K.L.:
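So that we are looking at the same thing, I have put the structure below in structure tokens.
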2 protein chains.
Amino acid sequence: MSDKYDSLKLENQLCFPLYSASREITRTYQPFLEKIHLTYTQYITMMVLWEHESMNVKSLGKYLLLDSGTLTPLLKKLEEKDLIVRKRNKEDERNLIIELTDKGRELKEEALSVPQSIIAKLNLSQEEAIFLYKILYKIIQQLQECSNKN
Amino acid sequence: MSDKYDSLKLENQLCFPLYSASREITRTYQPFLEKIHLTYTQYITMMVLWEHESMNVKSLGKYLLLDSGTLTPLLKKLEEKDLIVRKRNKEDERNLIIELTDKGRELKEEALSVPQSIIAKLNLSQEEAIFLYKILYKIIQQLQECSNKN
DNA sequence: AGCAATTAGATTGTATACAATTTAATATAA
DNA sequence: TTATATTAAATTGTATACAATCTAATTGCT
């Protein structure tokens, strides 16, 4: 019952459920993030800033694996919401420093309930969660090594 | 060394590596798909059609977990490339039937080498791949049940 | 039959992603 | 030191995603 086209069936792909699960999760976040007026990408950006307070766009991109084409407009929106300020580094004007505002810092409190809400919905065992976590980072690392070679 | 904000650290998220891994994989596909002039989303759409030959937009969306807002412009592009034809169902004019063209069918041969190229780059063991596959579908199913409740 | 509800796609508007290019600032090398 | 290379962001253009709304076709109900 197998033919040479089996590898081209959607159900035999590993990448497709990865892509779909990622989007489903983002969709799951949405009602929770709506309450604090953030999109998913804005939320993970704020996460990095909540932990590090201040950072240039380049470093932010390294944490988030996003480039300036994505981050520049996103950061401008966060600035419009008064959650961050954007200012050039005096030492090196090429660098744009992103800093939390008081309002941005305060949002951290409101965000505290979000992770638990999502974890509850995922309904994974501890072992499953840990395994998934490890394997995903393994994939990310593996693919980044690949692309750096070229 | 733990504080109440630990749950808001990027490194403690499960969703972030899922989101990043998904994008990394899509990026990994790109050079291979470029050769057959498809984007990743166009590729998985073609996969469904290679297996089923003919299908309306609604069904396609069920397989791909995508809605008409995404599919309509995508399908128009596939039609421009002469890979598919779009025509209304005579029985029920609300349905738009998507069918492969000869050129679309032929593309299947050229796509045959793609899955192996990607699997090779992922560098996962059989067990890891199977576990990952299962858990991702579990997540997708779980989250879809959640959203259907509301 | 006639009209309200439902259904399938299309459209609109917003927000990513990201390759490729551009711009401005800084570092480096002849 | 001055032309060249490199670097960091911004910009441009294309392609998704997706909520919300709209439109046309069909179904169901009375």
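Values below: all heavy atoms of this structure, side chains included; hydrogens, waters and symmetry mates excluded. Note that the structure is a prediction, hence the values are computed from the model and not measured. Below, read A as the first sequence line, B as the second, and so on, with proteins coming before strands; counting in each chain starts at 1.
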K.L.:
Roughly how many Å is it from CZ in A:Arg88 to C1' in C:dT26, rounded to a whole number?
P.N.:
13 Å
K.L.:
What do the steps show when you test B:Lys35 against B:Glu110 for salt bridge (charged side-chain N to carboxylate O under 4.0 Å, His left out), and what is the final call?
P.N.:
CA-CA 9 Å; B:Lys35 292 176 191 164; B:Glu110 294 183 63; over 6 Å; no
K.L.:
Rounded to whole Å, please give me the gap between CD in A:Gln42 and C1' in C:dT14.
P.N.:
11 Å
K.L.:
From CD1 of A:Ile98 over to P of D:dA9, roughly how many Å is that when rounded to an integer?
P.N.:
8 Å
K.L.:
Separation of B:Glu34 atom CD from C:dA19 atom C1', in whole Å?
P.N.:
9 Å
K.L.:
Pair up each side-chain donor or acceptor in residues 17-25 of chain B with any protein partner under 3.5 Å, not counting sequence neighbours, and list the distances.
P.N.:
| unit_1 | atom_1 | unit_2 | atom_2 | d |
| --- | --- | --- | --- | --- |
| B:Ser20 | OG | B:Phe16 | O | 3.2 |
| B:Arg23 | NH2 | A:Leu65 | O | 2.3 |
| B:Glu24 | OE2 | B:Arg27 | NH2 | 2.9 |

K.L.:
Reading nucleotides 21-28 of chain D from the 5' end, what letters show protein touch, with B for base, S for backbone sugar-phosphate only, - for no heavy atom under 4.0 Å?
P.N.:
----BS--
K.L.:
Can you identify which nucleotide, out of D:dA15, C:dA17, C:dA19, has its nearest atom closest to the B:Gln30 side chain?
P.N.:
C:dA19
K.L.:
Distance check needed: C:dT16 C1' versus A:Met46 CE, whole Å only.
P.N.:
18 Å
K.L.:
Name every donor-acceptor pair, under 3.5 Å, that has one atom in a side chain of residues 36-44 of chain A and the other anywhere in the protein, sequence neighbours excluded.
P.N.:
| unit_1 | atom_1 | unit_2 | atom_2 | d |
| --- | --- | --- | --- | --- |
| A:Thr39 | OG1 | A:Gln42 | N | 3.2 |
| A:Gln42 | OE1 | A:Thr39 | N | 3.1 |
| A:Gln42 | OE1 | A:Lys81 | NZ | 2.8 |

K.L.:
Whole-Å distance between C:dG9 P and B:Ile84 CD1?
P.N.:
12 Å
K.L.:
Would you compute the distance between atom OG of A:Ser125 and atom CD1 of B:Ile135 and round it to the nearest 0.5 angstrom?
P.N.:
6.5 Å
K.L.:
Under 4.0 Å from OP1 or OP2 of D:dA15: is there any side-chain N or O of B:Thr41 that close?
P.N.:
no
K.L.:
Expressed in angstrom and rounded to an integer, what is the separation of A:Asn95 atom CG from C:dA27 atom P?
P.N.:
10 Å
K.L.:
Could you tell me the separation between the NZ atom of B:Lys58 and the CD1 atom of B:Ile98, rounded to the nearest 0.5 Å?
P.N.:
14.5 Å
K.L.:
Suppose we screen for salt bridge (charged side-chain N to carboxylate O under 4.0 Å, His left out). Which residues come up paired with B:Asp92, at least two apart in sequence or across chains?
P.N.:
B:Arg94
K.L.:
Rounded to whole angstrom units, what separation is found between the OH atom of A:Tyr40 and the P atom of D:dA19?
P.N.:
16 Å
K.L.:
With respect to B:Tyr63, which candidate in B:Met47, B:Glu51, B:Met55 satisfies the side chain to side chain contact (heavy atoms under 4.5 Å, CB included) definition?
P.N.:
B:Met55
K.L.:
B:Leu112 versus A:Lys4: any side-chain heavy-atom pair under 4.5 Å?
P.N.:
yes
K.L.:
So does A:Arg86 get a side-chain nitrogen or oxygen closer than 4.0 Å to the phosphate oxygens (OP1/OP2) of D:dA10?
P.N.:
yes
K.L.:
Any carboxylate oxygen within less than 4.0 angstrom of a Lys/Arg side-chain nitrogen, looking at B:Lys121 and A:Glu145?
P.N.:
no
K.L.:
Any Lys/Arg nitrogen of A:Arg86 or A:Glu99 sitting under 4.0 Å from an Asp/Glu carboxylate oxygen of the other?
P.N.:
no
K.L.:
Choosing from D:dA15, C:dG9, C:dA17, which nucleotide comes nearest the side chain of B:Leu96?
P.N.:
C:dG9
K.L.:
Please test B:Asn89 against B:Asn95 for side-chain hydrogen bond (donor to acceptor under 3.5 Å, both in side chains), starting from the C-alpha separation and ending with a verdict.
P.N.:
CA-CA 5 Å; B:Asn89 184 347; B:Asn95 287 272; 5.5 Å; no
K.L.:
Considering only NZ, NE, NH1 and NH2 on the basic side and carboxylate oxygens on the acidic side, decide whether A:Glu128 and B:Lys138 come within less than 4.0 Å.
P.N.:
yes
K.L.:
Quick one: is D:dA8 close enough that its OP1 or OP2 comes under 4.0 Å of any side-chain N or O from A:Asn56?
P.N.:
no
K.L.:
Pull out every residue in residues 17-27 of chain A that has a heavy atom closer than 4.0 Å to any atom of DNA chain D, ordered by number, or say none.
P.N.:
A:Tyr19, A:Arg23, A:Arg27
K.L.:
Which parts of residues 58-81 of chain A get close to DNA chain D, meaning a heavy atom less than 4.0 angstrom away?
P.N.:
A:Lys58, A:Ser68, A:Gly69, A:Thr72, A:Lys76
